[in-house]
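Source: prediction; values computed, not measured. All heavy atoms count here, side chains included; hydrogens, waters and symmetry mates do not. Counting starts at 1 for both ligands and their atoms, following the listed order.
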Amino acid sequence: MKNPITVSVTGAAGQIGYALLFRIASGAMFGPDQPVALRLIEIEAALPALEGVVMELDDCAFPLLAGVTTTADLDEGFRGANWALLVGSVPRGPGMERNDLLGINGQIFTGQGEAIGRSAADDVRVVVVGNPCNTNCLIAMRHAAGVPSERFFAMTRLDENRAKSQLAAKAGVHSSDVTNMCIWGNHSSTQYPDFYSAKIQGKPVTEVIDDMAWLKDTFIPAVQQRGAAIIKARGASSAASAANGVVDTVRSLCTPTAAGDWFSVAVCSRGEYGIEAGLIASMPIRTEDGKSWSVVEGVELSEYSREKIDASVAELQGERDAVKHLL
Ligand SMILES: NC(=O)C1=CN([C@@H]2O[C@H](COP(=O)(O)OP(=O)(O)OC[C@H]3O[C@@H](n4cnc5c(N)ncnc54)[C@H](O)[C@@H]3O)[C@@H](O)[C@H]2O)C=CC1
Ligand SMILES: O=C([O-])CC(=O)C(=O)O
């Protein structure tokens, strides 16, 4: 039997938490022979509800679940964490943009970053989901003393999956036929789902979907606005698909990437593709060994792509400037 991987999850009693914990405990995140220990973090007021979730985890009798801890204490919650999944934070409601949450949620990530620096395992990797996730990730990274910047990620995988699904439906193929789908920039309505470099059954999307007006004027806004459309329809923000995005993000970071492909996650830029170093921006990422990762080099950017990426990066710069007092 392998040693358990310790996974800390904040906001564990929330909507995404409810969809995520059972997937982790069932083996969907780390595979069918990898035990996991969960450390669940909530604010005091939500601890009673979290106990109910733990009762349900118990009632699943998951063979891979090696233990569950619940706490409102950040050091206790991140103790020994190999993965810290930062979900806890307020979701937006109808009519809001994700960065309207910066003032409400930003400060959560200072204390969490500090506690990760003090208490997590030496190999901790951090995935920020709580919105606005890129800038919250930046805040956490800046406060996590001793944790290298390449261990911080913000989630754009749900956007990637949405984009694949939209392109597949238009082309009449399965979403698994869509590869090389990069979301660039911010997890926001300025994100750029790069249809120019994506492929369908190995061919450029623009060859298979010969409809530039649809790609530019329907596809891109549909992906950018999908979160808002879900909020409008469901009355609450995406939860099951977001949890699925977290599972996919961690799996992709832990599993060698298929030859020629890449996946989307926001990482700390080192200046790749002219994106200001130090910003948490989504880019095309590969891992060869399931541990270290790299930004895929040489993706060709049309003038259109360049403009879209620059606009999203400008938004990230604005968000960073708005939280200067937290950095
Ligand atoms: N990056 C992405 O693709 C996506 C991000 N999100 C974001 O994920 C976040 C969570 O969404 P939901 O689970 O639907 O919200 P929710 O409101 O159902 O749950 C959030 C939970 O976080 C807890 N919480 C609040 N402050 C906390 C703190 N300081 N420490 C620990 N826990 C804390 C709350 O008590 C609550 O149980 C939101 O910010 C939402 O916008 C949602 C979907 C996709
Ligand atoms: O749109 C929202 O506020 C929630 C979210 O991040 C998403 O669904 O992508």
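Between W184 and P193, every side-chain heavy-atom pair lies at or beyond the 4.5 Å cut-off. In this structure, T71 and L40 have side chains that are not in contact, with every pair of non-hydrogen atoms separated by 4.5 Å or more. Residues R125 and C254 form a side-chain contact, since some pair of their non-hydrogen atoms from C-beta on lies under 4.5 Å apart. Side-chain contact between I108 and S89: present, with at least one pair of heavy atoms (C-beta onward) separated by less than 4.5 Å. Counting heavy atoms from C-beta on, the side chains of W262 and V299 come closer than 4.5 Å. At least one side-chain heavy atom of V246 sits less than 4.5 Å from a side-chain heavy atom of M29.
Ranking the protein heavy atoms by distance from atom 35 (O) of ligand 1 puts E42 OE1, 2.7 Å first. For atom 19 (O) of ligand 1, the closest non-hydrogen atom of the protein is G14 CA, 3.2 Å. The nearest heavy-atom contact from the protein to atom 15 (O) of ligand 1 is P91 CG, 3.5 Å. Taking atom 28 (C) of ligand 1 as the reference point, the nearest protein heavy-atom neighbour is I43 CG2, 3.7 Å. The single protein non-hydrogen atom nearest to atom 10 (C) of ligand 1 is V87 O, 3.3 Å, given as residue, atom name and distance. In terms of protein heavy-atom proximity, atom 30 (N) of ligand 1 is nearest to Q112 NE2, 3.4 Å.
At least one N or O atom of Q15 sits closer than 3.5 Å to an N or O atom of ligand 1. Taking only nitrogen or oxygen atoms, main chain and side chain alike, G17 does not reach within less than 3.5 Å of ligand 1. At under 3.5 Å, a nitrogen or oxygen of I16, whether backbone or side chain, sits near a nitrogen or oxygen of ligand 1. Distances between N or O atoms of V90 and those of ligand 1 include at least one value under 3.5 Å. Taking only nitrogen or oxygen atoms, main chain and side chain alike, T10 does not reach within less than 3.5 Å of ligand 1. Between N131 and ligand 1, an N or O atom pair is found at a separation short of 3.5 Å. Note: no N/O pair closer than 3.5 Å links D159 and ligand 1 by distance alone.
Between the side chains of S189 and Q225, no donor-acceptor pair of N or O atoms lies under 3.5 Å. Side-chain contact of D159 with T156: a donor-acceptor pair under 3.5 Å is absent, judged by distance alone.
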Side chain to side chain donor-acceptor pair (under 3.5 Å) between N136 and N131, worked out: CA-CA 7 Å; N136 289 338; N131 277 320; over 6 Å; no
Stepwise salt bridge (Lys or Arg N to Asp or Glu O under 4.0 Å) check, D321 with K324: CA-CA 5 Å; D321 293 346; K324 273 223 156 79; 3.1 Å; yes
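Pairs of residues two or more places apart, or lying in two chains, that qualify as ring-ring contact (aromatic ring centres under 6.0 Å, His included) and include a residue from residues 210-233 are W214-F219.
Ring geometry for F30 against W83 counts as tilted: the plane angle lies between 30° and 60°, on a 0 to 90° scale.
For the pair G245 and ligand 1, no heavy-atom separation below 4.0 Å is found. At least one heavy atom of C133 sits less than 4.0 Å from an atom of ligand 1.
Within ligand 1, counting atoms from 1 as listed, the ones closer than 4.0 Å to a heavy atom of S237 are 14 (O). In summary, the atoms of ligand 1 found under 4.0 Å from a heavy atom of A242, numbered by their order in the structure, are 43 (C), 44 (C). Taking every non-hydrogen atom of G11 and a distance limit under 4.0 Å, the qualifying atoms of ligand 1 come out as 21 (C), 22 (O), 23 (C), 31 (C), 32 (N). Numbered from 1 in the order shown, with element, the atoms of ligand 1 that lie under 4.0 Å from a heavy atom of I108 read 26 (N), 29 (N).
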Solution key, residues 5-20 side-chain donor-acceptor pairs under 3.5 Å, sequence neighbours excluded:
residue	atom	partner	partner atom	Å
S8	OG	G77	O	2.6
T10	OG1	V87	N	2.9
T10	OG1	G88	N	2.8
Q15	OE1	R234	NH2	2.3
Q15	NE2	S237	O	3.1
Y18	OH	E56	OE1	3.4
Y18	OH	E56	OE2	2.7

Less than 3.5 Å apart, which donor and acceptor atoms pair up between the side chains of residues 308-317 and the rest of the protein, not counting sequence neighbours?
residue	atom	partner	partner atom	Å
D310	OD1	R306	NE	3.3
D310	OD1	R306	NH2	3.0
S312	OG	N186	N	2.9
S312	OG	T190	O	3.4
S312	OG	T190	OG1	2.9
E315	OE1	N186	ND2	3.0
E315	OE1	S188	OG	2.5
E315	OE1	T190	OG1	2.6
Q317	NE2	E276	OE1	2.7

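Proximity annotation for atom 1 (N) of ligand 1: of V129, N134, N161, N136, V129 comes nearest, heavy atoms only. The closest heavy-atom contact to atom 20 (C) of ligand 1, among the options G88, A12, S89, A13, comes from S89. Nearest residue to atom 2 (C) of ligand 1 from R226, E160, R157, H187 is H187 (criterion: closest heavy atom). Nearest to atom 43 (C) of ligand 1 by heavy atom, out of S241, S238, A240, is S238.
Checked for salt-bridge contact, K2 and D33 meet the test: a charged N lies under 4.0 Å from a carboxylate O. For D261 and K199, the salt-bridge test fails: no basic side-chain N is under 4.0 Å from an acidic carboxylate O. A salt bridge does not link E160 with R162: every distance from a Lys NZ or Arg NE/NH1/NH2 to an Asp or Glu carboxylate oxygen is 4.0 Å or more.
Ligand 2 lies under 4.0 Å from heavy atoms of R92, R98, N131, L158, R162, H187, G227, I231, S237, S238.
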